[in-house]
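Here is the structure we will look at.
As a basis for the values below, the full set of heavy atoms in this structure was taken, side chains included, without hydrogen atoms, waters or symmetry mates.
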Amino acid sequence: MSEPRCNSYYNATINQESDYPELTDHLRVDVAIIGGGFSGINTALELAEKGFKVAVVEANKVAWGATGRNGGQITGSLSGDEAMIKQLSKRIGKQEAEDYVWRMRWRGHDIIKGRIEKYGIDCDLKYGHLHTAYQPSHMKELQATHDEGHARDMGDHLKMISKEEMPEYLGTDVYYGGLLNTRNMHLHSVNLCLGEAKAAVSLGAQIFEHSNVIKIEHGDLPKVITEKGSITANKVVLAGNAYHRLERPKMMGRVLPASLGNMATEVLSDELVQSINPKDLAVYDCRFVLDYYRLTADNRLMFGGGTNYSGVDSKSVSGELRPALERVFPQLKGVNIDYEWTGMAAIVINRIPQLGKVSDNVYYQQGYSGHGVATTHIMSEIMANAVAGDMTEYDYFADMWHWRIPLPEWFGNQALALGMQWYKFAERFR
């Protein structure tokens with residue numbers, strides 16, 4: 001039984017709702033993809049552009065899961081970058097690994113910008129992001145990023161903002177400064193994904209909604225079985241991230257689900273908008289468990305944070321996030337919250353995205369650890385190249401070493417939640 005879209009700002013402001021059929025036939029394609037979020041849709045689009053016959057099956061609606069529940073920020077922050085460099089260095093050398101990871105920070109930006117321009121996708125794209133220091137020690141981290149960017153010919157996009165300059169950018173006194181990045185972007189996630197889905201279909205891809213996958217039958221020609229149909233393919237890509245429960249026990253323990261909360265205020269007056277965020281920037285801070293926020297196209301403040309690592313959705317997102325919102329912006333005290341929602345992210349312990357195989361011709365891609373808007377697009381490009389025969393970058397990630405917790409997810413989530421409490425405690429003394 002499929003589920004309706006959540007009560008998010010994104011879903012309330014969809015340009016054109018998707019209306020793809022349920023799978024009721026038995027198809028034969030080159031590649032079957034399970035999951036209609038950013039990962040599945042963009043892998044399908046990449047493959048369709050290469051001339052492959054592709055079919056996507058989604059249990060609910062396109063962009064129903066984490067793709068339609070995030071903060072809509074596309075930044076150069078990359079979870080697991082240090083761990084990625086360390087492992088890649090053994091394969092390609094330290095300098096090349098550092099260069100590769102730096103390029104990856106901005107690769108998603110270029111893919112998304114290219115998608116929007118090529119296919120005329122209307123998704124409220126804006127530029128500008130401020131990474132803020134919640135305590136003085138955070139300024140050293142931001143300065144290091146600033147200096148690396150200048151050393152790598154990105155200086156035109158980066159500017160350090162002092163505490164004294166902050167009032168020009170944000171109407172709050174909680175930060176000690178920040179790093180302004182004009183290459184970073186923010187947008188309407190659902191409209192982006194729906195536009196990408198439409199583009200894939202225009203190139204011959206087939207998309208099926210309300211088509212829950214019951215199982216995968218492995219073999220020389222794997223078969224994806226849904227409640228009313230099936231797809232036989234040369235290759236299958238599993239792209240459900242935190243929302244699927246297929247191929248358990250092989251997939252169990254590779255990622256842990258974490259609940260992300262988000263909300264959107266009522267429409268704010270122009271005066272309020274100017275008082276809190278006059279330059280229309282996306283913002284997040286340097287903490288392990290951080291606040292992130294931005295203005296929507298219709299002048300609401302979308303505010304997220306308070307990640308719940310227990311794997312259980314919050315009972316009241318606005319109840320948990322309102323104190324943080326009003327701490328950052330006291331002028332919004334008592335503001336009405338029109339939308340609130342949760343989303344399930346897939347957390348990897350070392351934060352490196354995961355690409356791999358369940359069997360010789362059944363692949364998986366997952367584990368974006370809260371940075372999914374950009375990272376899904378990067379991993380989809382790499383996955384599509386692998387399916388098409390170029391395994392170079394796929395092998396980089398498939399060969400990465402990962403922790404795997406050989407216990408039910410509940411135990412893993414409690415350990416993760418305990419670890420994050422330790423980080424939050426230790427952060428006070430940084």
Donor-acceptor contact below 3.5 Å, side chain [X] vs main chain [Y]:
| X | Y | value |
| --- | --- | --- |
| Asn181 | Leu130 | no |
| Asn277 | Leu281 | yes |
| Asp285 | Arg287 | yes |
| Asp30 | Lys53 | yes |

What are the two closest heavy atoms between [X] and [Y], and how far apart are they?
| X | Y | answer |
| --- | --- | --- |
| Ala44 | Val56 | CB-CG2, 3.5 Å |
| Pro323 | Ser318 | CD-O, 4.5 Å |
| Asp298 | Val267 | O-CG1, 3.3 Å |
| Asn350 | Ala83 | O-CB, 4.0 Å |
| Met84 | Val101 | SD-CG2, 3.9 Å |
| Ser77 | His131 | OG-CE1, 4.5 Å |

Close side-chain approach of Asn262 and Arg69, heavy atoms under 4.5 Å: no
Is it the case that over 12 heavy atoms from other parts of the model lie below 6.0 angstrom from the [atom1] atom of [X]?
| X | atom1 | answer |
| --- | --- | --- |
| Asp360 | CG | no |
| Glu82 | CD | no |
| Trp401 | CH2 | yes |

Can I get a per-line list of side-chain donor-acceptor pairs under 3.5 Å for residues 184-192, giving both atom names and the distance, sequence neighbours left out?
| unit_1 | atom_1 | unit_2 | atom_2 | d |
| --- | --- | --- | --- | --- |
| Asn184 | OD1 | Gly76 | N | 3.1 |
| Asn184 | OD1 | His109 | NE2 | 2.9 |
| His186 | NE2 | Asp280 | O | 3.3 |
| His188 | ND1 | Asn191 | N | 3.1 |
| His188 | ND1 | Asn191 | ND2 | 3.4 |
| His188 | NE2 | Tyr10 | O | 3.3 |
| His188 | NE2 | Thr13 | O | 3.4 |
| His188 | NE2 | Thr13 | OG1 | 2.8 |
| His188 | NE2 | Asn191 | ND2 | 3.4 |
| Ser189 | OG | Asn70 | OD1 | 2.6 |
| Asn191 | OD1 | Asn15 | N | 2.9 |
| Asn191 | ND2 | Thr13 | O | 3.3 |
| Asn191 | ND2 | Asn15 | OD1 | 3.4 |

Do the side chains of [X] and [Y] get close enough for a salt bridge, i.e. N-O under 4.0 angstrom?
| X | Y | result |
| --- | --- | --- |
| Glu22 | Lys228 | yes |
| Arg115 | Glu117 | no |
| Arg351 | Asp81 | no |
| Arg5 | Glu17 | yes |
| Asp156 | Arg183 | no |
| Lys86 | Glu98 | no |

Under 3.5 Å, is there a donor on one side chain and an acceptor on the other for [X] and [Y]?
| X | Y | value |
| --- | --- | --- |
| Arg28 | Asn234 | yes |
| His129 | Thr75 | no |
| Asn385 | Lys50 | yes |
| Asn42 | Glu46 | no |
| His138 | Gln143 | no |
| Glu196 | His377 | yes |
| Tyr20 | Ser211 | no |
| Glu209 | Ser18 | yes |

Worked check of side chain to side chain contact (heavy atoms under 4.5 Å, CB included) between Tyr134 and Thr132: CA-CA 6 Å; Tyr134 217 87; Thr132 56; 5.5 Å; no
Ring centroid separation Tyr9 to Trp341 under 6.0 Å: no
Distance flag, aromatic centroids of Tyr284 and Tyr293, threshold under 6.0 Å: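 Not under 6.0 Å, so no.
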Under the salt bridge (Lys or Arg N to Asp or Glu O under 4.0 Å) test, residues paired with Asp122 that sit two or more places apart: none
For Lys357, all residues meeting salt bridge (Lys or Arg N to Asp or Glu O under 4.0 Å), sequence neighbours excluded: none
Residues Phe397, Ile382; criterion side chain to side chain contact (heavy atoms under 4.5 Å, CB included); working and verdict: CA-CA 9 Å; Phe397 288 90; Ile382 295 172; 3.8 Å; yes
Test side chain to side chain donor-acceptor pair (under 3.5 Å) applied to Glu227 - qualifying residues, sequence neighbours left out: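 Residues passing side chain to side chain donor-acceptor pair (under 3.5 Å) with Glu227: none at all.
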Counterpart residues, side chain to side chain donor-acceptor pair (under 3.5 Å), relative to Glu393 (two or more places apart): Tyr100, Arg107
Results of side chain to side chain contact (heavy atoms under 4.5 Å, CB included) for Ala200 - residues two or more places apart only: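 Applying side chain to side chain contact (heavy atoms under 4.5 Å, CB included) to Ala200 gives Leu45, Ala205.
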Residue from Lys223, His26, Glu217 passing side chain to side chain donor-acceptor pair (under 3.5 Å) with Ser230: His26
